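Inspection log for the structure reproduced underneath, given as structure tokens.
This one's a predicted model, so the numbers in the text were calculated from it and none came from an experiment.
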Amino acid sequence: NSLHQGFGWCSIWAQTQDSALLILRGRQGGKTIFLLPLEIVLEGGIRKARFPGGRFNNINTGLFDPSFAEQAGQEIAAAIAREARKLLHGRADILALQNIPLTWRGRTNPLSHLASVENQNPAFQLPLLESFEATLRQVNAKRRRKKFRIQSRRAEEMGGYSHVIARSPQERCELLQAFFRQKAARFASQGIPDVFRNQSVKDFFYDLANFPETGTGSLLELHAIRLHGENEGVIAAIAGLSRKQDHIICQFGSIDESVSELSPGELLFWLMIERACREKAAIFDFGVGDQLYKRSWCPLFTVQHDIFLPVTLKGRAAASVYVAIARTKSLIK
């Protein structure tokens, strides 16, 4: 089950966005067998029920009991769709469940039996094997080691560097502030709207970073490359990682463009993946979006799908539009 449908992620999103949670619960013999946490958002006059987190979610599965998921088929999926429409009547025009892998980690998602359209953005993963060396052999270890040596040497020539993991609320705040500045500058240089510009979105990530960790789990752990010497204090690269059991997701990343010749982002990924191997994680997930640096690290990618269940006539028209947009984007890409 995805951490994006977990209590921490959904409740923090609802609080910071002032958006009420609406949870569909499936029961069998008095036992809860699945939960679909949702929020209602208004887009272009359409009331859309969707997973909390929206575009900031990298993978969505819903929450399903393992034994129920194993027996779920076409009939159960149809029942879920039928009952969901009834329960959402008067509240939403469409139920939009997006970024769902039909199969994830060997398990078929019960929702995969519903009609869906391929999402235009796959997600990319690096399996973490018994050692860091074995992991690197999946992605041309010789070339990777050479790049790391070159990046490390450049950094040392500039005065050295350290791999920072924020531990205190103040450190987390400082790294997030630096990330928002770096990302805003990057978006501006490319003429792209800044998806982190709203204060409510920033508050969401501040609260995620300060949510108490549980065992090996973490909603948002902040990593950075800090330079020394003549560049003392410069934060060259930043990344935010989430972890649920043995699954690590890179939620975001940024670099300081003034030191881009150092390739600090690549350097940081090396260090984070090396640490993840030591901590016996199984997957380092680079999240959705097809980018060259992800392909250079990842031998696997996961195709995700979008499911649109209309509740009203207006929702039926919207579903046709959403499907057409998704197919057009996929075709263009």
Side-chain angles (χ1 to χ4, degrees), residues 1-25 32 34-63 84-100 166 169-170 172-181 183-184 187 192-214 217-222 240-242 244 249 251-252 254 287-288 306-312 314-315 318-319 322:
N1 288 323
S2 172
L3 65 86
H4 295 303
Q5 276 76 72
F7 174 77
W9 187 275
C10 293
S11 62
I12 291 173
W13 178 263
Q15 291 163 14
T16 56
Q17 308 308 303
D18 194 22
S19 174
L21 284 179
L22 186 155
I23 302 172
L24 298 185
R25 177 171 66 168
T32 297
F34 73 83
L35 297 172
L36 295 179
L38 305 170
E39 66 170 347
I40 309 294
V41 296
L42 189 64
E43 294 184 357
I46 303 296
R47 296 171 299 171
K48 178 193 288 187
R50 68 176 190 182
F51 289 124
R55 70 170 70 194
F56 298 105
N57 293 8
N58 278 290
I59 178 173
N60 296 314
T61 60
L63 299 176
R85 287 190 176 103
K86 290 180 184 177
L87 292 167
L88 290 171
H89 185 72
R91 298 172 180 266
D93 296 305
I94 189 169
L95 173 59
L97 303 176
Q98 297 176 267
N99 292 105
I100 294 177
Q170 182 179 347
R172 297 181 190 113
C173 181
E174 290 173 353
L175 287 187
L176 276 172
Q177 287 176 340
F179 164 74
F180 293 135
R181 288 195 300 269
K183 210 62 178 176
F187 284 137
I192 299 174
D194 182 0
V195 297
F196 299 98
R197 65 187 179 278
N198 292 339
Q199 187 58 47
S200 63
V201 170
K202 294 177 180 177
D203 290 341
F204 171 60
F205 287 102
Y206 284 128
D207 288 355
L208 283 180
N210 288 293
F211 192 81
E213 296 183 5
T214 55
S218 174
L219 286 184
L220 190 64
E221 184 178 71
L222 298 166
L241 302 184
S242 297
K244 180 176 183 285
I249 302 177
Q251 302 289 1
F252 56 71
S254 67
V288 296
D306 299 338
I307 298 169
F308 300 107
L309 295 174
V311 177
T312 65
K314 186 187 291 187
Y322 292 149

Practice prompt. Determine yes or no for a side-chain-to-main-chain donor-acceptor pair under 3.5 angstrom, with Ser242 supplying the side chain and Ile249 the backbone.
Written response: no

Worksheet item: If you take all heavy atoms of Gly8 and Ser11, which pair is closest and at what distance?
Response: O-OG, 3.2 Å

Worksheet item: How long is the gap from SG on Cys10 to CG on Asn57, to the nearest 0.5 Å?
Response: 7.5 Å

Item to complete: List the steps and the verdict of side chain to side chain contact (heavy atoms under 4.5 Å, CB included) for Gln5 and Leu35.
Response: CA-CA 9 Å; Gln5 276 76 72; Leu35 297 172; over 6 Å; no

Discussion item. Counting neighbours of CD on Gln199 that are heavy atoms of other residues, nucleotides or ligands and sit closer than 6.0 Å, is the number greater than 12?
Written reply: yes

Worksheet item: For the side chain of His4 and the backbone of Trp9, is there at least one donor-acceptor N/O pair under 3.5 Å apart?
Response: no

Fill in: Verdict with reasoning, Asp207 to Ile12, per side chain to side chain contact (heavy atoms under 4.5 Å, CB included)
CA-CA 7 Å; Asp207 288 355; Ile12 291 173; 3.6 Å; yes

Discussion item. Walk me through whether Asp306 and Tyr322 qualify under side chain to side chain contact (heavy atoms under 4.5 Å, CB included).
Written reply: CA-CA 9 Å; Asp306 299 338; Tyr322 292 149; over 6 Å; no

Item to complete: Search all heavy atoms of Ala209 against all heavy atoms of Leu222 and return the closest pair with its distance.
Response: CB-CD1, 4.2 Å

Worksheet item: So, Asn60 side chain and Gln98 main chain: donor-acceptor pair closer than 3.5 Å or not?
Response: yes

Item to complete: Measure across Ala92 and Ile40 and return the closest heavy-atom pair with its distance rounded to 0.1 Å.
Response: CB-CD1, 3.9 Å

Practice prompt. Return the minimal non-hydrogen interatomic distance between Ala166 and Leu175, and the atom names on each side.
Written response: CB-CD1, 3.8 Å

Worksheet item: Nearest 0.5 Å, what's the CZ-CZ distance between Phe211 and Phe7?
Response: 6.5 Å

Item to complete: Say whether, by atom type as modelled, one donor and one acceptor occur between the side chain of Lys183 and the main chain of Val195 under 3.5 angstrom.
Response: no

Worksheet item: Given the rule in the side chain to side chain contact (heavy atoms under 4.5 Å, CB included) test, do Leu97 and Leu38 qualify, once you have shown the distances and angles that lead to the verdict?
Response: CA-CA 9 Å; Leu97 303 176; Leu38 305 170; 3.9 Å; yes

Item to complete: Examine distances only and state if a side-chain atom of Arg91 and a backbone atom of Arg47 form a donor-acceptor pair shorter than 3.5 Å.
Response: no

Practice prompt. Hey, can you tell me if Phe56 and Phe204 have their rings parallel, tilted or perpendicular (30° and 60° cut-offs)?
Written response: tilted

Worksheet item: Is the closest side-chain heavy-atom distance between Leu88 and Leu22 below 4.5 Å?
Response: yes

Worksheet item: Measuring from Leu3:CG to Gln251:CD, what's the distance to the nearest 0.5 Å?
Response: 6.5 Å

Worksheet item: Is the backbone of Lys48 close enough, under 3.5 Å, to the side chain of Asp93 for a donor and an acceptor to pair up by distance?
Response: no

Item to complete: For Phe252, check ring-ring contact (aromatic ring centres under 6.0 Å, His included) against everything at least two apart and list the hits.
Response: Phe179, Phe205

Discussion item. Using side-chain heavy atoms (C-beta onward) and a distance below 4.5 Å, is Lys202 in contact with Leu176?
Written reply: no

Fill in: Beyond-backbone contact of Leu21 with Pro52, side-chain heavy atoms, under 4.5 angstrom
yes

Worksheet item: Which heavy atom of Arg85 sits nearest a heavy atom of Pro310, and at what distance?
Response: NE-O, 2.8 Å

Fill in: Sidechain-backbone polar pair: Thr16 side chain, Asp203 backbone, donor-acceptor under 3.5 Å
no

Fill in: Sequence neighbours excluded, every pair satisfying salt bridge (Lys or Arg N to Asp or Glu O under 4.0 Å) that has a member inside residues 50-59
Glu39-Arg50, Glu43-Arg50

Practice prompt. Could you tell me the separation between the CG atom of Leu241 and the CG atom of Leu219, rounded to the nearest 0.5 Å?
Written response: 12.5 Å

Worksheet item: Parallel, tilted or perpendicular: which describes the rings of Tyr206 and Phe180, with under 30° parallel and over 60° perpendicular?
Response: perpendicular

Worksheet, complete the sentence: When every non-hydrogen atom of Asn58 is compared with those of Gly287, the smallest separation belongs to OD1-CA, 3.2 Å

